[in-house]
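Here's the structure we're looking at; comments come further down.
Predicted model, so just to flag it, every value in this text is computed and none were measured. One is the number of the first residue; the rest follow in order along the sequence.
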Amino acid sequence: MGRGDLSDREWARLEPHLPKNVGRGGRWKSHRRVINGILFRQRTGVPWRDLPARFGKWKTVHDRHRRWSADGTWERILRAVQADADAEGRIDWSMVSVDSTSCRAHQHAAGARTGAARIPGRRNQPIQHRSDEALGRSRGGLTCKIHLAGEGGRRPLAFVITPGQWGDAPQLIPVLERIRVPRPSGGHPRTRPDHLGGDKAYSSRRNRRYLRRRQIKHTIPERKDQRANRQRRGSAGGRPTAFDQAVYKRRNEVERTINALKGFRAVATRFDKRAYVFHGTVAVAALRLWLRS
C-alpha cells in the first residue's frame with residue numbers, strides 16, 4: 001500500500017457502496033486501484049498523464065473519475081458513507097456551520113468548449129453541469145468558490161460550487177437544501193441540523209426567515225448597517241437578533257473543515273475545465289475525509 005492509498009478499514013467502509021459489474025458489456029477494472037489513482041491525483045495535483053504506472057493506465061483512472069462525476073455516482077457514494085456514519089453516531093448534528101472558500105483556477109482550467117457537456121456514452125447532460133463552468137473573475141484572477149456546510153466533527157455535509165465573485169448569503173439556502181443524509185432503516189433522510197452557525201456574511205432577512213420557517217436555531221451576527229437600519233426604523237424595524245457568543249466560537253469547526261478539504265492540492269487549485277468534474281473532485285475529497293477514522 002502506497003502513501004495516501006486507502007487502508008483496509010477505509011476500503012471496507014467504501015466497497016459496499018461502489019457500482020457492481022452487472023449485465024452485459026465491459027467489466028470495471030479494479031475499483032481499489034483506480035480509486036487510489038484518483039486519490040493520488042487529488043492529493044498531489046499532478047496532471048492525469050503523469051500518474052504512476054502502479055495505478056494502471058492514466059486514461060482509465062481519468063475516465064472513471066469523469067464518468068462518475070457526470071452521472072452523480074460520487075455524490076451517491078458520499079451520501080451512503082454519511083448514512084453509515086450517522087447510523088454509528090459519528091455525525092455531530094448539534095452544530096452545523098456554513099462558510100465558503102475561494103479556489104484559484106489554474107490556467108488549464110480555462111478554455112472549456114462552449115458546447116454543452118455530455119456524459120460519456122450518453123446523450124444527456126451531466127447532473128452538475130453549469131453553463132458558466134463555475135468560473136469567475138475577481139481581484140485574484142480566475143477563481144471559483146466552494147460553499148459548504150460542515151458538521152461538528154469537521155467533515156463536509158454538503159457543498160455548492162459557484163464562480164468566485166458570487167456572494168455568500170444567497171448560497172446559504174442552496175447549501176442547506178443539499179444536506180440529505182439517508183436513514184438505513186428507511187424513511188425521510190435527515191436534512192435539518194440542531195443548530196446552524198455562520199458569520200455576518202450570511203446575515204439577511206431572507207436567510208433568517210428561511211431558518212425560522214424550518215425551525216432551525218441559528219447563531220449569525222448582525223451586520224452594522226443592518227443594525228443601524230433596524231434601529232432607525234424604531235418599532236417597525238423588529239426585535240434585535242439573538243446572538244450567543246459561546247455558541248459562535250464553534251464556527252471555527254467549519255474553517256478547520258475547509259483547511260482539511262484544501263489539503264488536497266487538486267481542490268486548493270482548480271485544474272478541471274468543467275464544473276461538473278471539479279464538483280466530483282471536491283466530492284472525492286469530502287469522501288476521503290469521511291472514510292478516515
Using 0.5 Å steps for rounding, measure from the [atom1] atom of [X] to the [atom2] atom of [Y].
X	Y	atom1	atom2	answer
Leu291	Arg155	CG	CZ	10.0 Å
Ile35	Arg288	CD1	CZ	11.0 Å
Leu157	Arg180	CG	CZ	13.5 Å
Leu211	His195	CG	NE2	10.0 Å
Asp71	Arg66	CG	CZ	11.5 Å
Leu287	Arg292	CG	CZ	11.0 Å

Given side chains that start at C-beta, do those of [X] and [Y] come closer than 4.5 Å, heavy atoms only?
X	Y	result
Ile258	Asp99	yes
Leu176	Thr191	no
Arg49	His62	no
Pro156	Leu289	yes
Ile173	Asn207	yes
Asp194	Lys217	no

Problem - Short N-O contact, Arg32 and Glu15, less than 4.0 angstrom - result: no
Exercise for the section: Indicate yes or no: does Asp86 engage Arg79 in a salt bridge with an N to O separation below 4.0 Å. Expected result: no
Please say yes or no: joined through hydrophobic side-chain contacts below 4.5 Å, possibly via intermediate residues, are [X] and [Y] part of one cluster?
X	Y	value
Leu135	Tyr276	no
Trp290	Trp93	yes
Val267	Leu142	no
Ile179	Met95	no
Val61	Leu18	yes

Problem - Identified side-chain hydrogen bond (donor to acceptor under 3.5 Å, both in side chains) counterpart of Asn252 within the set Lys249, Arg256, Arg250 - result: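 Only one option passes, and that is Arg256.
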Problem - With Ser203, the side-chain hydrogen bond (donor to acceptor under 3.5 Å, both in side chains) member among Arg223, Arg208, Glu222 - result: Arg208
Practice task
For Arg192 and Gln215, run side-chain contact (heavy atoms from CB on, under 4.5 Å): C-alpha distance rounded to whole Å, both residues' side-chain angles, the deciding distance at 0.1 Å, then the answer.
Solution key: CA-CA 9 Å; Arg192 188 174 59 180; Gln215 299 180 359; 3.8 Å; yes
Exercise for the section: For the pair Asn36 (side chain) and Leu6 (backbone), establish whether a donor and an acceptor sit closer than 3.5 Å, ignoring hydrogens and angles. Expected result: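 Yes, the answer is positive, given that a donor and an acceptor are paired below the 3.5 Å cut-off.
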Problem - Under 3.5 Å: donor-acceptor pair, side chain of Lys20, backbone of Pro16 - result: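 Flag set: sc Lys20 to bb Pro16 pair under 3.5 Å.
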Practice task
State whether Phe278 and Arg270 meet the cation-pi test: NZ (Lys) or CZ (Arg) under 6.0 Å from the six-membered ring centroid, and within 45° of the perpendicular axis.
Solution key: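 Yes, Arg270 and Phe278 form such a contact.
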Practice task
Establish, yes or no, whether the cationic atom of Arg76 lies under 6.0 Å from the six-membered ring centre of Trp74 and within 45° of the ring axis.
Solution key: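 Negative - Arg76 is either too far from the ring of Trp74 or too far off its axis.
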Exercise for the section: Evaluate salt bridge (charged side-chain N to carboxylate O under 4.0 Å, His left out) for Lys59 paired with Asp63, printing each intermediate quantity in order. Expected result: CA-CA 6 Å; Lys59 187 169 177 51; Asp63 289 350; 3.5 Å; yes
Taking all non-hydrogen atoms of both residues, which atom of [X] and which atom of [Y] are closest, and how far apart?
X	Y	answer
Gly150	Val254	N-CG2, 4.1 Å
Ile91	Gln82	CD1-O, 3.5 Å
Cys103	Ile146	SG-CD1, 3.6 Å
Arg41	Phe271	NH2-CB, 3.7 Å
Gly37	Leu51	O-CD2, 3.6 Å
His129	Glu133	CE1-OE2, 3.9 Å

Problem - Verdict with supporting geometry, Arg274 and Asp272, salt bridge (charged side-chain N to carboxylate O under 4.0 Å, His left out) - result: CA-CA 6 Å; Arg274 295 291 190 180; Asp272 303 311; over 6 Å; no
Pairs of donor and acceptor atoms involving the side chains of residues 158-171, under 3.5 Å and at least two apart or interchain, shall be tabulated with distances.
from, atom 1, to, atom 2, distance (Å)
Thr162, OG1, His147, NE2, 2.8
Asp168, OD1, Ser100, OG, 2.9
Asp168, OD1, Lys145, NZ, 3.4
Asp168, OD2, Ser100, OG, 3.1

Exercise for the section: Take Tyr210 and His218 through the test side-chain contact (heavy atoms from CB on, under 4.5 Å) and record every step on the way to the result. Expected result: CA-CA 11 Å; Tyr210 170 83; His218 55 279; over 6 Å; no
Do other residues, nucleotides or ligands put more than 12 heavy atoms under 6.0 Å from [X] [atom1]?
X	atom1	answer
Glu88	CD	yes
Lys273	NZ	yes
Arg214	CZ	yes

Exercise for the section: Let me see the working for His31 and Val34 under side-chain contact (heavy atoms from CB on, under 4.5 Å), right down to the final yes or no. Expected result: CA-CA 5 Å; His31 277 320; Val34 172; 5.8 Å; no
Fill in the blank from the handout: The residue among Phe55, Trp58, Trp48 that forms ring pair (Phe, Tyr, Trp, His ring centres under 6.0 Å) with Phe40 is Phe55
Practice task
Decide if the gap between the ring center of His17 and the ring center of Trp11 is smaller than 6.0 angstrom.
Solution key: no
Problem - Trace of the side-chain hydrogen bond (donor to acceptor under 3.5 Å, both in side chains) decision for Arg251 with Tyr248 - result: CA-CA 6 Å; Arg251 200 184 66 84; Tyr248 187 70; 3.3 Å; yes
Practice task
Begin from the C-alpha positions of Leu148 and Leu261 and carry the test side-chain contact (heavy atoms from CB on, under 4.5 Å) through to its verdict.
Solution key: CA-CA 11 Å; Leu148 62 86; Leu261 200 63; 3.8 Å; yes
